[in-house]
Amino acid sequence: MFLTYFILGLLVSSFSVTVILLIRKWFGRQLTAKWHYHLWMFLFIALALPFIPTDLYNFSSLFGSGDINQINVPSSNMKKTGTDMIQGLHLIQDFSVSVNRPDLSLLNRGVMGLWLSGMLLFTFTMVRGWLTIRRIKNYSSPFSNQEVLVLFEECKKRLQIKKPIEIVISNKVQSPMIFGLFQTYIVLPSQHENWLSLKNYEYIFLHELNHYKNKDLLTNYVILFYQIIYWFNPLVWLAFREMRLDREIACDTSVLQLLDDHSISDYGNTIINFLDLSKRSSNLQLVTQLNGSKLQIKKRIEQISAYKHSAKKSIRKSVFIYVLASIILTIQLPFVSAFATENDRYYFKNDGVVHEDLHQFFKGYEGSFVLYDHNAQQYRIYNEEKSTLRISPDSTYKIYSALFALESNVISPEESKLSWDGTEQPYEAWNMDQDVSSALQKSVNWYFQELDRRTGFKTIQSNLQEINYGNSDVSGEFSEFWNESSLKISPVEQVQLLQAFYNNQFGYKERHIQAVKEALLLEKNEEARLSGKTGTGAVNGKNINGWFIGYVETKNNTYFFATNIQNEDDSSGSKAGEITLSILKELGIYNENEGEKYGKKHS
């Protein structure tokens, strides 16, 4: 959602600017002018954070990424959804409960429209400035004073600059300036040509060439890019105003280091003279110039007058301050990851993947299908991008809720019955006592919510992390963190976990594994056994997320699968099951028409 990234950008930019401004205030005297300016480079990095894929610094296992807007309504007001039946396995029926969320789509579109409008306005301003620079260049004339040109080449040698830089004069500028990334120009104001001495020219050239050497022309474009992106945050504008001032002071200091003590006041006077003689200060963003606003010039002159060649500042202190700034700004990373990553991604690398074209089975849906052939040790995947995207597991999580409760001795295979408390449930099948088998068959929410409560939050989180269950994030509503909330898992991970569960790679008690396996069995025939669990994610009464995961056991092999489908209002676990069975039949792995139905209901 765009609104999420807008808020994230506002928070990151505001925090980063505030941190750098405070560090400048508290430790500014310990930094040289150059280090002072380069401190702002941290801001460039920080402002890029919302645009960097969060997988590069994913801390979701440590910090929750739940949807703070989700509201779970009482069961008496919950809407029944998903009563579609799977073709073939006609007794498998969805039991799903919708969760309510505020509809922020209108606000999201409004904020996006406002942001785009601001971007267009400031982009227009940038283009207008660029056209002004082109006019300055087009209406300028080559500088012909050979004595000054020789001086310019000497200044270039002093700064070890070899690239050709063209000097021109123009009556459209009041202050010397430099611009151009590929072909660089230094523009001198023609109306001041009469009073400029060779020393004045030297100071001007050293100043502008230092801007060129320090890549300040490129920095202008970076600043302008971020001002367009973050136009809505006045702190960013303040930061770049201060950054430009620090840059000019750093440039002045670099020039002063090349001059003798007697020339320092002359250099300052050259700057002041341009301020006095200029009618106005140019506000072009893509140029750097000797002149500036009166306030900026005042601060620069104060720094120039206080300059001493002998003054040295500790490199160790500067390094310490930089390290401190990087640590403070790095603190944002886990929060950016948690805030920005609504749907995480799982990095899956397997050289033996076979990519299947199964789009004909997914008409009307965004979806993926993952199959693992145990004997061939090979994955067969449709839509790899979607197969690695982490989304809510919905009721498929209940497989592991049961397993954790069994392992924690909350229930046992022999004694797993919980009594219904008499609260009216959205489905008649839920209004009775349940054991682990019937609860999995009917996907009884209250049963697994009670199991989780008795198992305990810390135990569940620890177990999820131990088995690498998706993002293992239980920061959402504890009773339903698995239902379109914080917990997320990808189809590939579902298949990997099913393999680990089936082969008991968790090291759990075998009888607990077997108890869950028996509850997952859907049907069997002479050739194969089909086990599985569906899941439906319903939000505001619309089925937006459908799962069917499980495995097929044949006489000689075992196949593990996961199917996920999504659309705006018609994605149910039953539909995912129907698609899965059609694919398994197409691949020659399982034909449900020959199976003995177990009549088990899942959601």
For the rings on Phe122 and Trp237, is their centre-to-centre separation under 6.0 Å?
yes
Checking side-chain polar atoms at under 3.5 Å, does Tyr307 have a donor or acceptor matched by the opposite partner on Glu302?
no
Ignoring hydrogens and geometry, is there a side-chain-to-backbone donor-acceptor pair from Tyr139 to Asn171 under 3.5 Å?
no
May I ask you to say whether Lys199 pairs ionically with Glu202, meaning some side-chain N is under 4.0 Å from a carboxylate O?
yes
Name all residues meeting the ring pair (Phe, Tyr, Trp, His ring centres under 6.0 Å) criterion together with Phe240; count only those two or more places apart in sequence or in a different chain, and write none if there are none.
none
How far apart are the closest heavy atoms of Ser387 and Val370, and which atoms are they?
CB-CG2, 3.6 Å
Just say parallel, tilted or perpendicular for the rings of Phe6 and Phe232, cut-offs at 30° and 60°.
tilted
Approximate separation, where rounding is to 0.5 Å, of His38 NE2 and Thr32 OG1
9.0 Å
Distance, nearest 0.5 Å, that separates NE2 of His211 from OG1 of Thr219:
10.5 Å
One pair to check against side chain to side chain donor-acceptor pair (under 3.5 Å): Ser263 and Asp260. What are the steps and the verdict?
CA-CA 6 Å; Ser263 300; Asp260 55 45; 2.8 Å; yes
Should the pair Glu248-Lys299 be classified as a salt bridge under the 4.0 Å nitrogen-to-oxygen rule?
no
Check the angle between the aromatic planes of Tyr226 and Tyr230 and answer parallel, tilted or perpendicular using the 30° and 60° thresholds.
tilted
Under the criterion side-chain contact (heavy atoms from CB on, under 4.5 Å), which of Val492, Leu358, Val495 is the partner of Ile381?
Val492
Are Tyr469 and Gln461 close enough, and set up right, to give a side chain to side chain donor-acceptor pair (under 3.5 Å), and what steps lead you there?
CA-CA 10 Å; Tyr469 191 99; Gln461 185 171 45; over 6 Å; no
Given the options Tyr267, Phe152, Phe143, Phe205 meets ring pair (Phe, Tyr, Trp, His ring centres under 6.0 Å) only with Phe152
Salt-bridge contact Asp261-Lys308 (side-chain N to carboxylate O under 4.0 Å):
no
If you compare all heavy atoms of Ala562 against all heavy atoms of Gln494, which two are closest, and at what distance to 0.1 Å?
CB-CB, 4.0 Å
Distance-minimising heavy-atom pair for Glu493 and Asn468
OE2-O, 4.5 Å
Separation between CD of Gln174 and OG of Ser190, rounded to the nearest 0.5 Å
9.5 Å
Could you please spell out the steps behind the side chain to side chain donor-acceptor pair (under 3.5 Å) verdict for Asp216 and Tyr37?
CA-CA 11 Å; Asp216 292 338; Tyr37 165 56; 3.2 Å; yes
Can you confirm whether Lys163 is buried at NZ, in the sense that more than 12 heavy atoms of other residues, nucleotides or ligands lie under 6.0 Å from that atom?
yes
Quiz question: by atom type and distance under 3.5 Å, do the side chains of Arg135 and Thr132 form a donor-acceptor pair?
yes
Can you tell me which residue among Ile271, Leu206, Ile301, Asn210 is in a side-chain contact (heavy atoms from CB on, under 4.5 Å) with Asp252?
Ile271
Measuring from atom CG of Leu245 to atom NE2 of His36, what distance do you get when rounded to the nearest 0.5 angstrom?
9.5 Å
Heavy-atom pair of closest approach, residues Phe15 and Ile328:
CE2-O, 3.8 Å
Working note: Val168 + Leu188, criterion side chain to side chain contact (heavy atoms under 4.5 Å, CB included); need CA distance, chi angles, decisive distance, verdict.
CA-CA 6 Å; Val168 296; Leu188 301 175; over 6 Å; no
Take the angle between the ring planes of Tyr382 and Phe362 and call it parallel below 30°, perpendicular above 60°, tilted in between.
parallel
Atom pair OG/CG of Ser13 and Leu47 - distance to nearest 0.5 Å
6.5 Å
Got more than 12 heavy atoms from elsewhere within 6.0 Å of CD, Glu147?
no
Under the side chain to side chain donor-acceptor pair (under 3.5 Å) criterion, do Asn545 and Glu484 qualify, and how do the steps go?
CA-CA 9 Å; Asn545 188 21; Glu484 296 304 314; 3.1 Å; yes
Quiz question: by atom type and distance under 3.5 Å, do the side chains of Asn233 and Ser14 form a donor-acceptor pair?
yes
If you measure only the distance, is there a donor-acceptor pair under 3.5 Å linking the side chains of Asn567 and Glu366?
no
Derivation of the side chain to side chain contact (heavy atoms under 4.5 Å, CB included) call for Ile391 and Asn564:
CA-CA 9 Å; Ile391 50 182; Asn564 179 258; 3.0 Å; yes
May I ask you to check whether over 12 heavy atoms, not counting those of Lys298, lie within 6.0 Å of atom NZ?
no
Is it true that the side chains of Asn273 and Thr270 contain a donor and an acceptor less than 3.5 Å apart?
no
Atom CG in Asn214, atom OG in Ser254: separation rounded to 0.5 Å?
5.5 Å
Quick check: closest heavy atoms across Ile228 and Met119, and the distance to 0.1 Å?
O-CG, 3.5 Å
Is it the case that the side chains of Arg247 and Asn220 hold a donor-acceptor pair, with the cut-off being a distance below 3.5 Å and no angle test?
yes
Side-chain donor-acceptor contact under 3.5 Å, Arg390 with Ser490:
no
For Leu39 and Arg24, the nearest pair of non-hydrogen atoms, with its separation, is CD2-CG, 3.8 Å
